[in-house]
Amino acid sequence: MSGALSLENVTKRFGNTTAVDGISLELKEGEFVALLGASGCGKSTTLRLFAGLETATEGQVMLKGKDVTQASASARNIALMFQSYALYPHLTVQQNIAMPLKLRRLNALQRLPGAGMVSSRARAQDAEIKLAVAQMADMLRLEELLHRKPGQLSGGQQQRVALARALVRDPSAFLLDEPLSNLDTQLRAETREEIRALHKRTGYPFLLVTHDQSDALSMADRIAVMIAGKVVQTGSPTEIFNKPASQEIATFIGHHRMNILPAGAGQSLHSDGSKLALGVRPEELSLVQKGGLQATVESITFHGEETILKLRGPSDVILRSVVRGRANLPDIGENVRLGAAVESLHAFSDDGQRKEITQ
Ligand code: ADP
């Protein structure tokens, strides 16, 4: 593999727990990858393996063509941002952003011999640090805030300072672990745009770890879906959403959980003599006048811009249909018909794997 950063057949075990199970994942130059999966599937461990905060039990970690499997986190120079980004409360924005560079200089100075040399070199570095901080402040629109302390900033501004602090040392990649989890809905949407724009401007490879499929779908160029320590599908957001490789992935991705009609429940699609389960997203399943499946309305829930109908279909399968806008709604207990366009159907074989529907 030739990407900026990659894991090659990496396994990480903690005692009897296999947190990461033979993963190969590449982060190319300039690419934005989201690692998406439910809590406990091994996402954070994968990120920590990339960063050098964990050492692989098996396999290799490569950075720009070099094997860094045994290299320390500081040798890899990978920027990290976590859910709680804890700025230093007693330092100004300027000092917060400068901190990683100051720490790096301190480490370097400790290795230098003569004190005289140290002070002239330190002055030159002070100027470099100031310049680097000014550039980050410009990129993240923080110029006006450089002399404030974190307590005098809004949540969004604090987030931007944390981003600036993570990126100021010109990292080889930027890894973000659930950076939006603590934000309210509006700030979350704004920060998504902010992070995407930052990726475009910096061109660094970004790896975002999230359990939130909206974060992954809206920000990433490529999504790697993780289940139980394995990457089970990688693809663009549209590929993952429109062609999920398995029933498990299909029901995980999507704001509304995909409806699954088990094989035999009202439809008769076959493949190699075996029946297929059918999937259809609630937004694609609508009330129709004739044809389709018969179902009874069990409940109706109003959510503002949309209303969710819960219905009992053939073989007692529970289905959901999302109705948008001001459409006429049926009554509870009413018998209705449900239809979906053939293009919106997904088919899955007995073992849960996707099958293409041929007409
Ligand atoms: P995620 O980020 O997807 O929630 P993690 O990578 O944090 O998942 O954890 C994956 C699995 O590895 C879990 O079962 C977790 O309990 C286990 N695990 C993670 N870190 C450690 C550790 N330091 N020691 C023991 N088990 C761990």
Side-chain angles (χ1 to χ4, degrees), residues 5-27 31-63 68-74 76 78-86 159 162-163 166 173-183 188 191-192 195 205-235 237 240-241 244-255 257 352:
L5 190 57
S6 59
L7 298 184
E8 298 181 8
N9 297 316
V10 168
T11 292
K12 177 67 186 179
R13 279 188 282 271
F14 298 104
N16 291 333
T17 308
T18 304
V20 169
D21 191 359
I23 278 189
S24 292
L25 181 62
E26 187 186 10
L27 190 57
E31 191 182 29
F32 193 149
V33 174
L35 191 57
L36 173 66
S39 174
C41 73
K43 304 180 296 297
S44 294
T45 305
T46 304
L47 176 138
R48 294 168 62 79
L49 285 160
F50 271 122
L53 299 172
E54 298 287 358
T55 310
T57 313
E58 287 165 25
Q60 265 112 44
V61 187
M62 305 293 290
L63 175 62
V68 293
T69 315
Q70 302 302 330
S72 69
S74 61
R76 298 186 197 187
I78 291 169
L80 291 171
M81 173 132 161
F82 295 100
Q83 193 177 110
S84 55
Y85 42 78
Q159 188 94 14
L163 289 169
F174 189 24
L175 315 184
L176 304 102
D177 194 350
E178 306 270 5
L180 310 180
S181 293
N182 290 336
L183 307 181
R188 201 178 175 111
T191 311
R192 274 183 191 146
I195 291 176
F206 274 37
L207 178 75
L208 171 81
V209 159
T210 182
H211 68 278
D212 183 308
Q213 42 101 22
S214 301
D215 285 350
L217 292 170
S218 63
M219 285 193 276
D221 300 320
R222 205 154 59 92
I223 296 176
V225 183
M226 217 174 152
I227 296 177
K230 292 193 160 77
V231 169
V232 289
Q233 187 175 9
T234 55
I240 300 282
F241 189 80
S246 70
Q247 188 172 317
E248 200 172 9
I249 301 168
T251 48
F252 177 62
I253 306 282
H255 180 54
R257 189 184 162 90

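Atoms within each ligand, like the ligands themselves, are counted from 1 in listed order. It should be emphasised that the depicted structure is a prediction, and the values quoted were computed from it without experimental measurement.
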**Study point:** Check: C41 and M226 side chains under 4.5 Å, non-hydrogen atoms
**Key:** yes
Review point. Out of curiosity, K12 NZ to L7 CG, how far, rounded to the nearest 0.5 Å?
Key: 12.5 Å
**Study point:** Every residue of the protein that comes under 4.0 Å of ligand 1, judged on heavy atoms
**Key:** F14, T17, A19, A38, S39, G40, C41, G42, K43, S44, T45
**Study point:** Residues R188 and D212 bridged, charged N to O under 4.0 Å
**Key:** yes
Review point. Between atom CG of L35 and atom CG of L208, what is the distance when rounded to the nearest 0.5 Å?
Key: 8.5 Å
Check your understanding: Under 4.5 Å between any side-chain heavy atoms of T11 and R13, yes or no?
Key -> yes
Review point. Is the shortest heavy-atom distance from the side chain of V61 to the side chain of S6 under 4.5 Å?
Key: no
